[in-house]
Amino acid sequence: MTGQPLTRRDFLRAGCLAGTSAILGSQLRADEDKTRKLEPTADCLVVLWMAGGQASTETWDPKKYTPFERGMEAKAVYSTFRSIPTSVDGIQISEGLPNIAKVMHHGALVRTFKAGDLGFILHSRHQYHWHTGYIPPQPVAAPHIGAVISRTLGPRHPDVPAFIDIGQRSAGGEDFEVKAFQTAGFLGASHGPFLVPEPAQAVDTVRPPAGMSSKRFKERHDLYIKTLQARRQAAGLDPKEEEFVKSIEGAHRFLNSPAAKAFDLSLEPKDSYQAYNTGRFGLGCLLARRLVEAGARFIEVSTEYVPFLGWDTHENGHSRMVDMMKLIDAPIARLVRDLEERKLLSRTLIVIASEFSRDMLTEGKPDKPVKDQVTVPDRVAEEKHYGMHRHFTGAGGVVLYGGGMKRGYLHGKTADERPFVTIKDPVTIPNLHATLYRAMGIRADLSYEVENRPVFVTEDGKGKVVEELFA
């Protein structure tokens, strides 16, 4: 089905069918021959998600700087930001990321991430593909990479949720589609994400609801336990009910654990809090650092996907990029430095990624064009047309810090002239996932059996580790 148009209605229908399939599916079990874990280079994975399509030529792979001139040819616009040197000789990134430039010696920069060819470009489809490794729709609900890690490795700390998702609230008209990949799918509710939509109010997620005292909360939980025991004795619980009970019990255990203090950002020193506080994403990075310290296994922090906002720059690309880079630059750099200073970076893998890149002229890939969604005039008459507004899947940036990756390393090469495609060492989603799983000690051909068929953690179990990225 790759390359075929898919409407949002099709996506919704398929998502519902997949959800039903997961609920009615057979008992889940792993392929025992492939659960033998590899020696991990990381104990925790942190994904910093640049939701909406971050333009790589404006951030990680800047091309020739083209200042704004009214009436300039659109095809002459390469990058709307100057490039600056980083702490690694020979690696330059956008002038909008000066703090990240100073910690590049801790990271590996991939400039040749190639998104899938999914036909007419929908953000929700590409985000689903990135997070699950599978192109929607699927006959079963594919699990998020965080759920796979939770199910395969379990929690690092017995009281801390293995999979924590920070920063995504509502995605507006695409809310259902975005939530379709924020689940454990067929792996079961107990491996789904602990959701923290508002990092500034994270502590509220580990407290009883407003208006309910701790005493009343305990009494209600005790009553729940008695009711559950009676139900088990009378008729027993089916596997799906048991999964739900496990997720409820895990959440309750966490709420009463000292580890829950990680969610209370008021305990952070004021200078540290302010260093991270560029907004919701910055505080999400602070929360991620505290959760790494507390023992979380997988954390995702999103800049939040809302159609036509954030990185989803259909117009005013340059000015919007200024604001978005200010949002991420200081907190990402601080997160890297903090984990390094605490001697945690070597066992924590940080991944900065987006569903695809952007370009002034090309929608999709030059050799596989798809229907344009943005009107780009031949000449740039207004500043709102100055920037990268079309969805580009021919090359994109991924940055990896710590977790056994090489430091100060540049992977791949893109063309210096438009259309800026990958010309050396491409990295696809199956291979990127294989690399992340390898770092966590999980084989790329691990599968779980559902509905009497194997479902692999990378597409068809064929993901190949990008060995060059490892130290």
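- Between R390 and D372 there is a salt bridge, since a side-chain N of the basic residue sits under 4.0 Å from a carboxylate O of the acidic one.
- Partners of E293 according to the salt bridge (Lys or Arg N to Asp or Glu O under 4.0 Å) rule, which considers only residues two or more places apart in sequence or in another chain, are R289, R342.
- Taking 4.5 Å as the limit, every side-chain heavy atom of V306 sits out of range of all side-chain heavy atoms of D312.
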**Prompt:** Where do L339 and Y401 land on the side-chain contact (heavy atoms from CB on, under 4.5 Å) test, with the steps shown first?
**Reply:** CA-CA 10 Å; L339 291 179; Y401 287 99; over 6 Å; no

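- Using cut-offs of 30° and 60° on the angle between ring planes, the pair Y409 and H411 is tilted.
- Checked for salt-bridge contact, E340 and R407 meet the test: a charged N lies under 4.0 Å from a carboxylate O.
- Side chain of T152 to main chain of I149: no donor-acceptor pair is present (N/O by atom type, distance under 3.5 Å, no hydrogens or angles).
- When the side chain to side chain donor-acceptor pair (under 3.5 Å) test is applied to Y276, the partners found at least two apart in sequence or on another chain are D338.
- A search for salt bridge (Lys or Arg N to Asp or Glu O under 4.0 Å) contacts involving D359 returns R418, not counting sequence neighbours.
- No option in L287, L283, L48 other than L48 meets the side chain to side chain contact (heavy atoms under 4.5 Å, CB included) test with V301.
- Residues H131 and Q182 fail the side-chain proximity criterion, which asks for heavy atoms closer than 4.5 Å.
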**Message:** Using the rule given for salt bridge (Lys or Arg N to Asp or Glu O under 4.0 Å), can you reason through R169 versus E198, listing the C-alpha separation, both sets of side-chain angles and the distance that settles it, and then say yes or no?
**Reply:** CA-CA 8 Å; R169 295 172 296 185; E198 290 288 355; 3.1 Å; yes

**Request:** Show your working on side-chain hydrogen bond (donor to acceptor under 3.5 Å, both in side chains) between E177 and S124 and close with a plain yes or no.
**Result:** CA-CA 6 Å; E177 296 96 316; S124 49; 4.8 Å; no

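- E95 pairs by the side chain to side chain donor-acceptor pair (under 3.5 Å) definition with nothing, not counting sequence neighbours.
- Listed by chain and residue number, L38, V465, F470 satisfy the side-chain contact (heavy atoms from CB on, under 4.5 Å) test with R438 (two or more places apart in sequence, or in another chain).
- Here K64 pairs with Y78 under the side-chain contact (heavy atoms from CB on, under 4.5 Å) rule; sequence neighbours left out.
- Using a cut-off of 4.0 Å between Lys/Arg side-chain N and Asp/Glu carboxylate O, D367 and K365 are scored as not salt-bridged.
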**Message:** Let's go through E174 and H123 carefully: what are the C-alpha distance in whole Å and the side-chain angles of both, what is the deciding distance for side-chain hydrogen bond (donor to acceptor under 3.5 Å, both in side chains) to 0.1 Å, and is it a yes or a no?
**Reply:** CA-CA 9 Å; E174 294 184 54; H123 287 272; over 6 Å; no

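- I332 CD1 to I352 CD1: the interatomic distance, rounded to the nearest 0.5 Å, is 4.0 Å.
- Not a single donor-acceptor pair under 3.5 Å links the side chain of R358 to the backbone N or O of T57.
- A donor-acceptor pair under 3.5 Å is formed between the side chain of S94 and the backbone N or O of G96.
- Side-chain atoms of K75 and L361, non-hydrogen and from C-beta on, do get closer than 4.5 Å to each other.
- Evaluation of the side-chain contact (heavy atoms from CB on, under 4.5 Å) rule for A51 yields W49, Q127, S302, T303, Y305 as partners, not counting sequence neighbours.
- Using a 4.5 Å cut-off on side-chain heavy atoms (C-beta onward), L436 and L349 make contact.
- Counting heavy atoms from C-beta outward, L410 and R111 have side chains that approach closer than 4.5 Å.
- Put simply, the side chain of T86 gets close to the backbone of I91: a donor and an acceptor are under 3.5 Å apart.
- With sequence neighbours excluded, the residues that form a ring-ring contact (aromatic ring centres under 6.0 Å, His included) with F308 are H314.
- Judged purely by atom type and a 3.5 angstrom limit, S447 has no side-chain atom pairing as donor or acceptor with the backbone of F456.
- Applying the side chain to side chain donor-acceptor pair (under 3.5 Å) test to H389 and every residue at least two apart in sequence or in another chain returns nothing.
- Residues satisfying the ring-ring contact (aromatic ring centres under 6.0 Å, His included) test with F163, not counting sequence neighbours, are H144, F298.
- T414 and D61 are linked by a side-chain donor-acceptor pair at a separation below 3.5 angstrom, with hydrogens and angles left out of the test.
- Considering only heavy atoms from C-beta on, V110 stays 4.5 Å or farther from V399 through its side chain.
- With sequence neighbours excluded, the residues satisfying side chain to side chain donor-acceptor pair (under 3.5 Å) with N99 are D329.
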**Request:** Could you walk me through whether D43 and R156 pass salt bridge (Lys or Arg N to Asp or Glu O under 4.0 Å), step by step?
**Result:** CA-CA 8 Å; D43 303 313; R156 279 176 63 213; 5.4 Å; no

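- Remark: D175 pairs with S170, A171, K179 by the side-chain contact (heavy atoms from CB on, under 4.5 Å) rule, at least two apart or across chains.
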**Request:** Tell me, with the steps shown, if D460 and K462 meet salt bridge (Lys or Arg N to Asp or Glu O under 4.0 Å).
**Result:** CA-CA 5 Å; D460 298 326; K462 294 179 180 178; 5.1 Å; no

